Amino acid sequence: MTPEPPSVAEYDASSIQVLEGLSAVRKRPGMYIGSTDARGLHHLIYEVVDNSIDEVLAGACSEISVTLGSDGSATITDNGRGIPVEEHPKYHKPALEIVMTVLHAGSKFDRTTYKVSGGLHGVGVHVVNALSEWLEVRVRRDGRLHFQRYERGVPVAPVRSLGAAEGTGTEIRFRPDPNVFETILFDRETVRRRLKELSFLNPGVTIHFTDERDGPPESFHHAGGISEFVTDLNVATVPLFSPPAYLHARRDTTDIEVALQYNDGYNETTLAFVNNIHTPDGGTHVVGYRAALTRTLNDYARKAGLIKGDKEALTGEDVREGLTGVISIKVLEPQFEGQTKARLGNSEVKGQVESAVNEKLAEYLEEHPAEAQILLLKAIQAAQAREAARKARELTRRKGLLEGGGLPGKLADCHSRDPAVSELFIVEGDSAGGTAKQGRDREFQAILPLRGKILNVEKARLDKMLQNEAIRALITAIGVGIGEEIDLAKLRYHKIVLMSDADVDGAHIRTLLLTLFYRKMPQLITEGHVYLAQPPLYRLQRGTKIAYAYTDEERDRAAGEMGGKGVTIQRFKGLGEMTAEQLADTTMDPAKRTLLRVTIEDAARANDLLQILMGEAVEPRRLYIQEHAIEVTNLDI
Ligand code: 0RA
């Protein structure tokens, strides 16, 4: 039976629907991809790759390639089934064109089993199309190569065949629309990280990555899945047993995978994913995992006679000391919550994960008595150290150092007592501290100069950290406490600004401070209270004209604009070389400065860096320095 040709009315209706859909996306891109900054931009690539990963999950795809083009484009190719090209029964056009221009979740050609509602993922490739200056799709299917091109989401011609082709697959190539995005520059490292992550989460796939602008091509394939992910996260540490424990179970329609391994450090690293989407703000799956861990380890320790009574019970912090874990679950209808949709909200998931981890971890401990012994001794030591830390804290508190009146002597506080308007500048060294004090607005800006090296928190337990003067001064000034006892209501400044030199020592201090916040006061970061100041690198002057530049390119451009000749250029080697007025004008005055807000990802990266560069393991450090030779020359930790 040949299908009815579309009536004029039907045809018009479908075209109108396409245009309406397009303009909705282009009017409010944030509703579909979260934002139009760099984060939203990268979402375009993730959206297409997620579609290819759906083919992997359907068992139909083994290879994905991602290429960042020197023309600013991105190309994503897979050997999946290919987007269907037959005529769409409702629109009387090739399904391909419909998928690329209108299709929403829930229709006949929507093949995803695991929905990602409430999130910013799974919005559909038509959204990528609508936000691209141009996009080209090539589909190998039914023995032919099918092609269509679009400009800002509108097809420039009907789908046509480019000839015979073998196999199946999809290639989508696009250039983001510069009229939509604040930046259209893809960041190599951001894309690379996500692809590597996906290759751990989907062990069946090989992902090829090429950045035509820079660097060698790479391929990611990790047959060991999330166990290998944990091993990779722990490369710079000394693991207490190997391989990681791997737990897998189903509860109802939820699929639950956990891999975990302890190292000889003191911190917890937990990466949690729902339907392949990273949830840095945690949620019910992480709560369930943690509850099960505490309960199961206590049960085992009690049965083995390692602890007695309630007084010796291990706390959550005890059992997570030195723990690296990856949780990957698949949920039918996930609900993502929070500003960046980075937290899982489904309440039923807590019980599902808790029950699965309780059962499978108990089994693991029974079957691996040597590993069980090692990890429990570690947790028991942590409990003993916790007791020592409590005593140390009490001592500090009695000395009036942690709370109340006893603000550190070095702090030049502001007059305002309203935290919402108050800012704390953390400055490296007394000399820069002096300049900052003169340059500040003392009404709402406080200065805390830090002298000497901040303790590496990767290598110290809380009790030792509290003996460090710089850290104590910091905690007291900020006011919220540290570790498990954080109370954000006591925050004394809503903006905490790290103001360090653009040199080796500055980078060092910044990395250490970010790691400290990440590890011991993460709420400050997730609630958006931590910032990096942006002091300029150069001051240019010609006659009475003055300009500041933050990069070498900006310096050259500004010099050109000033007319080139007779321009004096001063390079600031540190904040201490600026006058108070210059520092205020460029870096501190809210009317003129730019501050960078630190995200939890930034802080996690600082933490990784510190672990690699200061950790016990030599090989990862050597590899890292080799791979990042340029950046490391100005890091030198
Ligand atoms: C709709 C239906 C089917 C596959 C796809 C879309 C699909 C989309 C993309 C985007 C990038 N790569 C893709 N690969 C496939 C199912 C096809 C079938 O059942 O044969």
Side-chain angles (χ1 to χ4, degrees), residues 18 21 25 32-33 42-69 73-116 119-132 134-150 153 155 159 162 165-176 191 194-195 198-199 201-202 204-209 275-277:
V18 169
V25 176
Y32 300 84
I33 53 161
H42 289 87
H43 227 94
L44 301 181
I45 294 183
Y46 304 160
E47 181 59 38
V48 180
V49 173
D50 284 354
N51 274 273
S52 301
I53 291 285
D54 282 340
E55 292 296 292
V56 175
L57 293 176
C61 171
S62 59
E63 309 240 350
I64 301 173
S65 302
V66 176
T67 301
L68 304 179
S73 69
T75 305
I76 296 96
T77 311
D78 67 55
N79 64 350
R81 289 166 294 184
I83 303 177
V85 285
E86 70 259 30
E87 191 179 271
H88 192 282
K90 178 168 154 221
Y91 294 93
H92 304 291
K93 278 185 187 173
L96 174 60
E97 179 170 333
I98 303 306
V99 168
M100 296 311 299
T101 54
V102 267
L103 198 77
H104 292 277
S107 59
K108 181 188 160 196
F109 291 100
D110 171 39
R111 78 243 124 97
T112 46
T113 30
Y114 289 108
K115 299 278 174 298
V116 274
L120 303 166
H121 299 258
V123 287
V125 276
H126 70 284
V127 169
V128 178
N129 196 8
L131 301 177
S132 293
W134 55 261
L135 182 148
E136 291 177 358
V137 62
R138 289 173 176 78
V139 170
R140 286 179 294 124
R141 203 174 149 113
D142 307 330
R144 305 204 73 80
L145 180 62
H146 311 268
F147 172 81
Q148 193 167 35
R149 181 184 163 95
Y150 316 82
V159 174
L162 297 183
E166 277 178 18
T168 57
T170 304
E171 177 180 293
I172 291 176
R173 181 176 160 84
F174 64 92
R175 185 171 191 271
V191 176
R194 173 66 180 153
L195 298 180
L198 282 170
S199 73
L201 295 169
N202 302 281
V205 73
T206 301
I207 306 181
H208 306 282
F209 177 50
N275 301 354
N276 285 328
I277 298 161

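In each ligand, atom 1 is the first atom listed, and ligand 1 is the first ligand listed. If you're wondering where the values come from, they're calculated on a predicted model, not measured in any experiment. Quick note: numbers below take in every heavy atom, side chains included, and nothing from hydrogens, waters or symmetry partners.
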Test side-chain contact (heavy atoms from CB on, under 4.5 Å) applied to S132 - qualifying residues, sequence neighbours left out: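 Counting only residues at least two positions away or on another chain, S132 forms a side-chain contact (heavy atoms from CB on, under 4.5 Å) with V128, L135, F174.
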
Which ligand 1 atoms does R81 reach within 4.0 Å, using its non-hydrogen atoms?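 The list of qualifying atoms is 16 (C), 17 (C), 18 (C), 19 (O), 20 (O).
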
Subset of ligand 1 atoms that lie under 4.0 Å from at least one heavy atom of N51: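 That gives atoms 9 (C), 10 (C), 11 (C) of ligand 1.
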
R138 and E136 ion-paired at < 4.0 Å: yes

Shortest non-hydrogen contact between H126 and V99, atoms and distance: CB-O, 3.6 Å

Among I76, T75, L198, find the one that has a side chain to side chain contact (heavy atoms under 4.5 Å, CB included) with V66.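 For V66, the side chain to side chain contact (heavy atoms under 4.5 Å, CB included) check succeeds only for I76.
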
Ligand 1 versus [X]: contacting region, heavy-atom distance under 4.0 Å:
X   : answer
I76 : neither
P84 : side chain
E47 : neither

Side-chain H-bond candidate by donor/acceptor type, T101 with N129, under 3.5 Å: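 No, N129 and T101 have no side-chain donor paired with an acceptor closer than 3.5 Å.
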
